[in-house]
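First up is the structure itself, then whatever we jot down about it.
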There are 2 protein chains.
Amino acid sequence: MADRHHVLLRLAVDLAILTVRENCLHVLVIERDNEPYRGQYALPGGFLRADEDLPEAAERELVEETGLDGRSLHLEQLATYGAPDRDPRGRVVSVAYLAIAPDLPIPVAGSDAQTAAWMPVGNALGGKLAFDHGRILDDAVERAKNKLEYTTLATAFCAPLFTISDLRHVYEVVWGTELDPRNFNRKVANTQGFVLPTGDKRAPETGRPAALYRRGTAGYLNPPLLRNGIGA
Amino acid sequence: MADRHHVLLRLAVDLAILTVRENCLHVLVIERDNEPYRGQYALPGGFLRADEDLPEAAERELVEETGLDGRSLHLEQLATYGAPDRDPRGRVVSVAYLAIAPDLPIPVAGSDAQTAAWMPVGNALGGKLAFDHGRILDDAVERAKNKLEYTTLATAFCAPLFTISDLRHVYEVVWGTELDPRNFNRKVANTQGFVLPTGDKRAPETGRPAALYRRGTAGYLNPPLLRNGIGA
DNA sequence: TCAATAGTGTCTGTGAGACACTATATC
DNA sequence: GATATAGTGTCTCACAGACACTATTGA
């Protein structure tokens with residue numbers, strides 16, 4: 001720790017906020033109204049303040065950008081990005097956080113009065129986002145896909161009360177696959193602590209009403225709910 | 001990105017280098033010969049330099065502390081720690097990396113001439129390490145345990161040539177459990193790309209010689225090799 | 001009645017856990 | 001021979017995938 005080559009830098013905390021709406025995975029983006037990358041879309045974020053810890057900063061940004069209470073959302077550290085040229089304004093290292101939200105009505109205009117919008121992740125990938133945010137989004141989606149397998153993260157995409165169909169829909173949209181509803185039902189029912197029955201029901205537009213559930217207390221799925229052939 | 005409350009800070013890159021030796025998991029620690037925490041053990045690390053990316057810095061520290069070529073070791077970003085008071089010298093945020101090494105003869109004295117040593121992780125947990133390095137080590141061990149389940153990471157703990165017993169020993173030590181040698185053999189043999197037969201054999205002190213293997217090309221285990229009841 | 005969604009039951013193949021048995025080395 | 005480690009075969013149970021069937025609503 002005694003070397004003299006170190007550099008002073010600013011630390012950004014950027015958020016990849018994912019949700020499922022209209023049969024596809026969306027990410028919250030803001031339109032930049034300052035240089036650099038003016039007019040382009042970017043992930044919401046901001047700089048770390050003097051007396052802040054990283055999770056605090058992430059939660060603060062979440063509130064500022066979406067108006068949501070960070071404690072009600074799933075929020076976890078994703079990774080840190082530090083290429084020397086990643087920000088043309090100077091040396092900025094970014095700690096990215098992954099947030100998972102239920103289908104929200106519409107992002108509240110942040111206190112920064114920036115234009116926030118939900119964008120399908122398919123549109124956001126492929127170099128469309130400012131800075132290295134496309135790469136961050138890639139990693140966020142990959143993390144979400146993986147965590148659905150062995151954790152109860154899927155419930156974080158759902159409203160407080162949800163049906164088994166809702167939950168299955170999350171898996172199908174995030175993974176981009178189709179799942180057998182009957183096998184999925186059995187799997188969820190047999191996993192202790194994944195979902196809790198409430199006794200209530202919700203009628204769809206047509207068809208038999210579905211039982212409503214609440215998140216269970218389990219954090220991990222044991223055994224996991226595996227995709228067919230990852231990394232194969 | 002326009003707020004004015006941001007802080008300039010230094011970024012540390014710290015390494016949790018794990019290996020298996022003598023039936024227990026060890027971590028590489030250095031004895032600090034400067035304040036703060038003088039005389040205490042800490043994870044090796046250093047500050048990010050002006051033109052460095054994070055993986056570069058991690059690899060540089062690895063070479064400086066162990067004399068090893070970073071490209072031959074498994075090295076991955078673990079997490080970033082930024083509590084405002086984590087370093088008494090001022091605002092320092094640390095990006096931690098997890099490195100996995102085979103059982104090395106002895107750590108080479110780094111170019112910093114610091115005293116490096118392998119310490120059993122059991123001894124290093126519980127507030128023995130400087131800064132928040134105990135917490136970092138906790139997270140590193142947890143990550144390693146989890147990745148053994150669904151990736152081929154265990155081979156990174158082994159020398160280039162290893163037996164199935166060696167590989168099983170890694171699982172047993174890292175997980176702290178016993179595995180059935182016969183079922184383990186079958187599992188490894190049936191997982192394409194986990195290990196490659198070399199045709200050579202190695203005789204133990206007593207008993208039948210064991211076939212030697214090399215790492216395969218697969219990165220993921222499919223299906224995974226699950227512990228009994230995680231998070232239960 | 002039909003259409004649509006919710007939910008149960010059954011069969012089958014794969015693979016994990018348990019464990020008997022065989023193989024090959026040193027002493 | 002004894003002992004120690006390496007490796008194979010077999011049985012059983014749990015569970016995933018496939019899919020026939022029943023249940024409950026609105027039109």
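By convention in this document, chain letters (A, B, ...) are assigned in the order of the sequence lines, proteins followed by strands, and residues within each chain are numbered from 1.
Residue A/Thr163 is classed as having no contact, given no heavy-atom separation below 4.0 Å to the nucleic acid. B/Ala210 comes within 4.0 angstrom of the backbone, heavy atoms only, and of no base.
A side-chain donor-acceptor contact under 3.5 Å links B/Arg215 to the backbone of B/Thr155. Without hydrogens or angle criteria, B/Thr152 side chain to B/Ala218 main chain gives a donor-acceptor distance under 3.5 Å. A donor-acceptor pair under 3.5 Å is formed between the side chain of B/Glu56 and the backbone N or O of B/Asp53. A donor-acceptor contact shorter than 3.5 Å links the side chain of B/Thr19 to the backbone of B/Ala101. Distance alone, capped at 3.5 Å, is enough to place a donor-acceptor pair between the A/Glu149 side chain and the A/Arg227 backbone.
Along DNA chain C, the nucleotide nearest to B/Glu205 and the one nearest to B/Leu225 differ in position, and the one closer to the 5' end is contacted by B/Leu225.
In this structure, the CG atom of B/Leu179 is 17 Å from the P atom of D/dT5, given to the nearest Å. Atom P of nucleotide C/dT5 and atom CG of A/Asp166 are separated by 13 Å, given to the nearest angstrom. Atom P of nucleotide D/dA14 and atom CG of B/Leu226 are separated by 17 Å, given to the nearest angstrom. Note: CG (A/Leu212) to C1' (D/dT25) measures 15 Å, nearest angstrom.
Residues from residues 180-202 of chain B lying near DNA chain C, meaning a heavy-atom separation below 4.0 Å, are B/Asp180, B/Arg182, B/Asn183, B/Arg186, B/Lys187 in numerical order.
Between A/Ser165 and C/dT5 there is no side-chain polar atom (N or O) within less than 4.0 angstrom of OP1 or OP2.
Counting only heavy atoms from C-beta on, B/Arg168 has its side chain closest to D/dA6 among C/dG7, D/dA16, D/dA6. Comparing atom distances between the A/Thr206 side chain and each of D/dA6, D/dC15, C/dA4 picks out C/dA4 as nearest.
The pair B/Arg202-B/Asp166 counts as a salt bridge, with a side-chain nitrogen and a carboxylate oxygen less than 4.0 angstrom apart.
Test A/Glu76, A/His74, A/Glu142 against A/Lys147 for side-chain hydrogen bond (donor to acceptor under 3.5 Å, both in side chains) and you get one pass: A/Glu76.
Residue B/Arg208 places no side-chain atom within donor-acceptor reach of the base of C/dA25, judged by atom type and a 3.5 Å distance cut-off alone.
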